[in-house]
Colleague: 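Okay, handing you the structure first.
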Number of protein chains: 2
Amino acid sequence: MKTVEIFCDGACSGNGKETNVGGWGAVLVYNGQKKELFGGEASTTNNIMELTAVIEALKSLKTTSLEVHIFSDSAYVVNCFREGWYRKWQLNGWRNSKKEPVENKLLWETLINLVASFAKVEFYKIKGHLNLDAPADIQKWYKKFNANNDLQFSLEEFIVVSTYNHLADELANKGMAPYK
Amino acid sequence: MKTVEIFCDGACSGNGKETNVGGWGAVLVYNGQKKELFGGEASTTNNIMELTAVIEALKSLKTTSLEVHIFSDSAYVVNCFREGWYRKWQLNGWRNSKKEPVENKLLWETLINLVASFAKVEFYKIKGHLNLDAPADIQKWYKKFNANNDLQFSLEEFIVVSTYNHLADELANKGMAPYK
RNA sequence: UGACACCAUUUUUU
DNA sequence: AAAAAATGGTGTCA
């Protein structure tokens, strides 16, 4: 079965303030080909943008007979699936551990359904703020990354992930460009 | 009769974990003079620290011919006296509403005896996490505070309470400083 | 069931 | 340095 790798990121300038603008971006890599998506909206949150990036990326795929690898720096997104938060939510009427209603329920339901529709989906947590500005020090950055990250990448994988994570971040910012 | 105002707070980094460190702090105001106390210990709980802050503050007073006002953000501490939990405990052999033994009995007994020894003691519940970082927006914070708090303060009182509550929090953190 | 604290984690920002 | 968006938990009581 073919594998798709999805690198996504979200941003929200003025998160928590009354007026704000958010953006999201995703890079999909399939069979050596690269697809870029991005978008944005006003009056949102950082977490909504992180969620939206994954949802829009999955929605853009034309077939579900795929193994999907999703890379995100959002514990909010990744842990929901890696730690099975969503199963508890479905069983207890969408209450979080503080007994309050789970936020962004509609987006979560959309994402859960999307994920279930694919042959296989795996979520990978990566660190935010990867730095590719010092290519000469790439080895240093690589060690630092592996020391701080659950995932352990080879040098080649690290460069790929960093590059695409960076690109996803740029796309997220592009998503709110008209407002910025 | 002279009045003493006591502002206290407790903290416990890693509360509920196997290894943790707690701290407590108290600010006493008497006759325009200010006294600061703090301390800390390992392997404790947030509630023990909240209790200890009040106990140590009262123990530090040299006379009991005083009216004492105690400000705390802990419902655990304040409601025991405002709602008279302690009287039920004394009558029913120190069982809580689930018929289980009341926790921290020794500390409670110490506190109850201390309180009884003073001419008059009143407990006031205040909200945690007061914010004094935006003095320009003090009016906004003041409204927000009074909207969310049982107590209603004048603006001047609010500033005093916020300041001392903040200070007590800093002292509590100072109490666990050597470990931090 | 409710309430108040105390934390842990990752982002997003100012 | 400090706040918001979100999740997970314990300490305690009624």
Side-chain angles (χ1 to χ4, degrees), chain A residues 8-18 20-24 44-51 53 72-86 88-89 95-105 107-108 125-129 148-150 169 172-173 176, chain B residues 8-24 44-51 53 72-86 88-89 95-105 107-108 125-129 131-134 137 148-150 169 172-173 176:
Chain A
C8 33
D9 204 358
C12 181
S13 163
N15 189 45
K17 300 277 169 61
E18 293 173 18
N20 65 57
V21 211
W24 58 269
T44 184
T45 70
N46 62 327
N47 289 329
I48 289 175
M49 289 296 98
E50 301 273 14
L51 270 171
S72 167
D73 63 22
S74 167
Y76 184 56
V77 168
V78 173
N79 287 351
C80 172
F81 292 92
R82 288 197 82 97
E83 301 186 359
W85 296 348
Y86 69 95
K88 293 187 193 170
W89 297 341
R95 297 271 156 177
N96 64 24
S97 72
K98 297 184 180 64
K99 319 287 176 94
E100 295 156 352
V102 169
E103 300 287 334
N104 309 315
K105 184 187 174 203
L107 286 172
W108 280 121
K125 170 74 180 65
I126 58 174
K127 260 191 82 69
H129 303 105
N148 291 318
N149 219 51
D150 289 341
D169 182 50
N173 286 311
M176 46 185 173
Chain B
C8 33
D9 202 359
C12 180
S13 165
N15 188 45
K17 302 277 169 63
E18 293 173 17
T19 69
N20 64 57
V21 211
W24 58 269
T44 183
T45 72
N46 63 327
N47 290 328
I48 288 174
M49 288 296 98
E50 301 274 12
L51 270 171
S72 167
D73 63 21
S74 168
Y76 183 58
V77 168
V78 173
N79 287 351
C80 172
F81 292 91
R82 289 197 80 97
E83 302 184 359
W85 296 349
Y86 69 96
K88 293 187 193 169
W89 297 340
R95 298 274 155 178
N96 64 24
S97 68
K98 289 193 284 246
K99 318 287 174 108
E100 295 157 352
V102 170
E103 299 286 332
N104 308 317
K105 184 187 173 202
L107 286 172
W108 281 122
K125 169 74 180 68
I126 59 175
K127 259 191 86 69
H129 302 107
N131 191 322
L132 280 186
D133 292 336
D137 291 329
N148 292 317
N149 218 51
D150 290 340
D169 182 51
N173 285 310
M176 47 186 173

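Labels below follow one simple rule: chain letters A, B, ... track the order of the sequence lines, proteins then strands, and each chain is numbered from 1.
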Colleague: Starting at CG of Asp169(B) and ending at C1' of dA2(D), how long is that distance when rounded to a whole Å?
Modeller: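 Roughly 14 Å, once rounded to whole Å.
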
Colleague: Is there a side-chain polar atom (N or O) of His129(A) under 4.0 Å from OP1 or OP2 of rU10(C)?
Modeller: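 Checking rU10(C) against His129(A), no side-chain N or O comes under 4.0 Å of OP1 or OP2.
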
Colleague: Quick one: on RNA chain C, does Asp73(B) or Lys99(A) contact a more 5' nucleotide (nearest heavy atom)?
Modeller: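 Taking each residue's closest nucleotide, the earlier one in sequence belongs to Lys99(A).
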
Colleague: Would a 4.5 Å heavy-atom cut-off, applied to side chains only, mark Ser72(B) and Lys125(B) as touching?
Modeller: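 Result no, sub-4.5 Å side-chain heavy-atom pair not found.
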
Colleague: Does any N or O in the side chain of Asn79(B) come within less than 3.5 Å of the main-chain N or O of Arg82(B), such that one atom is a donor and the other an acceptor?
Modeller: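 A pair under 3.5 Å: no.
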
Colleague: Please examine the side chains of Asn20(A) and Asn15(A), heavy atoms only from C-beta on, and report whether any two atoms are closer than 4.5 Å.
Modeller: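 No, side chains not in contact.
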
Colleague: Among rC7(C), rC4(C), rU14(C), find the nucleotide with the atom closest to the side chain of Ala75(B).
Modeller: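 Nucleotide nearest to Ala75(B)'s side chain: rC4(C).
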
Colleague: Is Asn104(A) reaching over with its side chain to a backbone N or O of Ile48(A), donor-acceptor style, under 3.5 angstrom?
Modeller: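 No, because the side chain of Asn104(A) does not come within donor-acceptor range (under 3.5 Å) of the backbone of Ile48(A).
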
Colleague: In whole angstrom, give the distance that lies between atom NZ of Lys105(A) and atom P of dA5(D).
Modeller: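 After rounding, the gap between these two atoms is 21 Å.
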
Colleague: For nucleotides 7-14 of chain D, read 5' to 3', which letter fits each nucleotide if B means a protein heavy atom sits under 4.0 Å from the base, S means only the sugar-phosphate is that close, and - means neither?
Modeller: SBBBBSSB

Colleague: Can you name the nearest heavy-atom pair linking Trp108(A) to Val77(A), along with the distance?
Modeller: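 Between these two residues, the closest heavy atoms are CH2-CA, 3.9 Å.
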
Colleague: Atom CD of Glu50(A) to atom C1' of dA5(D): distance rounded to whole Å?
Modeller: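 My rounded result for the distance is 10 Å.
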
Colleague: Find out whether Asp169(A) and His129(A) are in side-chain contact, i.e. whether some heavy atom of one side chain is under 4.5 Å from a heavy atom of the other.
Modeller: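 When only atoms from C-beta onward are counted, His129(A) and Asp169(A) do not touch, as no gap falls below 4.5 Å.
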
Colleague: Distance check needed: dA1(D) P versus Asn173(B) CG, whole Å only.
Modeller: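 Spelled out: CG on Asn173(B) to P on dA1(D) is 14 Å.
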
Colleague: Could you state the CG-C1' distance from Asp9(B) to rC6(C), rounded to the nearest angstrom?
Modeller: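 For the pair Asp9(B) CG and rC6(C) C1', the rounded distance is 10 Å.
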
Colleague: Output yes when at least one side-chain N/O atom of Ser13(B) is less than 4.0 Å from OP1 or OP2 of rA8(C), else no.
Modeller: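 Checking rA8(C) against Ser13(B), a side-chain N or O does come within under 4.0 Å of OP1 or OP2.
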
Colleague: Met49(A) CE to rU13(C) C1': how many Å, rounded?
Modeller: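 Roughly 15 Å, once rounded to whole Å.
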
